[in-house]
Amino acid sequence: MRFVRVNGVVIHHEVRGTVGKPVLVFSNSLGTDFRIWDGVVARLEADYRIVLYDKRGHGLSEATPQPYALADHVDDLAALLDHLDITGATIIGLSVGGMIAQGLATWHPHRVSRLVLCDTAHKIGTDDLWNNRIEAVNTKGIAAISDGILERWFTPAFRSPDNADFIGYTAMLTRTTVDGYAGTGFALRDADLTETTATLKLPTLCIVGDHDGSTPPDLVRTLAGLIEGARFEIVKDAGHLPCIEQPEKTAALIADFLRSTAPDA
Ligand SMILES: O=C(O)CCC(=O)CC(=O)O
């Protein structure tokens, strides 16, 4: 467990994997922390150096007062990579983590060599969607809206009270700080990366669960269409978080993309 104050906020992070290997940096979705990647990282860490972190207000990272901008999250990650002396990494981002990855590639291009964009988009949701969600979380708490969120996150088969993983990830969501969740809601409301993402020119893989209720396959296909040469893959039997529901398939897609886009491939 490591903590560092960068860009004015304490960020919880971990570095694993194999020293000297290419670096993969993982960025998480709204209401989650870096443990969502455990099943994927376990399949990649022999061949890569792995950086995991919790964005501000999530996991064990500090919750600064809301609102946040996407640029706050991007600058936090850039400062963390600066602290770790990392450039030219592959950034693997899920949902808002995928928007952070797109922002990092745009505003700090020397930090990024490749992108894996999971269940994300250049623009997620509408002003009304985010204003309503921010208001609900601030007045009633995350638990009050968790049923709807979990329906978008997971397939019906996963959402069984007998599934210990489902109970555990529900706790991860509801224990996220209100400032972290609502603060990042403001960032999502205000971020539209359509124009900047369309200028990106780097190897990119876009992945989406076939049952994703938050960033459905057609939206992620549109994102892939913005980035020249981007690959698009659908993970079967997964909702918004294929890294949790289908870690083996998700890791296999990422590993194949990394192998085929390696400098010596
Ligand atoms: O998951 C994210 O990072 C943003 C998209 C979202 O709001 C997921 C959900 O529907 O709850």
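Quick caveat: nothing in here was measured; it's all calculated off a predicted structure. Counting starts at 1 for both ligands and their atoms, in listed order.
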Self-check item: N/O separation below 3.5 Å, Leu94 to ligand 1
Solution: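 For ligand 1, there is no N or O atom that lies under 3.5 Å from one belonging to Leu94.
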Practice problem: Could you tell me whether some N/O pair between Arg133 and ligand 1 is separated by less than 3.5 angstrom? | Solution: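 So ligand 1 has an N or O lying under 3.5 Å from an N or O of Arg133.
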Practice problem: Starting from atom 4 (C) of ligand 1, locate the nearest protein heavy atom and write down its residue, its atom name and how far away it is, to 0.1 Å. | Solution: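 I find the closest protein heavy atom is Ser95 OG, 3.0 Å.
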Exercise. Just need the protein heavy atom nearest to atom 3 (O) of ligand 1, so name the residue and atom and give the distance.
Key: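 Closest protein heavy atom to atom 3 (O) of ligand 1: Leu30 N, 2.8 Å.
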If you count the atoms of ligand 1 from 1 in the order shown, which ones are under 4.0 Å from a heavy atom of [X]?
X: Ile149; answer: 11 (O)
X: Trp130; answer: 7 (O)
X: Val96; answer: 2 (C), 3 (O)
X: Ser29; answer: 1 (O), 3 (O)

In terms of side-chain heavy atoms, does [X] have a donor or acceptor partner in [Y] at a distance below 3.5 Å?
X: Thr194; Y: Asp192; result: yes
X: His240; Y: Ser95; result: yes
X: Ser260; Y: Arg231; result: yes

Quiz item: Is the Phe166 ring parallel, tilted or perpendicular to the Phe154 ring (thresholds 30°, 60°)?
Solution: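 Taking Phe154 first and then Phe166, their aromatic rings stand perpendicular (interplane angle over 60°).
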Quiz item: Hey, looking at atom 9 (C) of ligand 1, which of Ser27, Ser214, Gly239, Gly213 has the closest heavy atom?
Solution: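 Looking at heavy atoms only, the winner is Ser214.
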Quiz prompt | Closest to atom 10 (O) of ligand 1 (judged by heavy-atom distance), picking from Met99, Arg152, Lys55 | solution =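 Closest candidate by heavy-atom distance is Arg152.
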Quiz prompt | Salt-bridge criterion met for Asp38 and Arg16 (N-O under 4.0 Å) | solution =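 Yes, this pair counts.
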Quiz item: Counting distance only, does the side-chain N/O of Thr215 pair as donor-acceptor with the main-chain N or O of Asp119 below 3.5 Å?
Solution: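 Yes: the side chain of Thr215 pairs with the backbone of Asp119.
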Practice problem: Apply salt bridge (charged side-chain N to carboxylate O under 4.0 Å, His left out) to the pair Arg111 and Asp82, showing each step before the final yes or no. | Solution: CA-CA 9 Å; Arg111 305 259 171 228; Asp82 198 25; 3.3 Å; yes
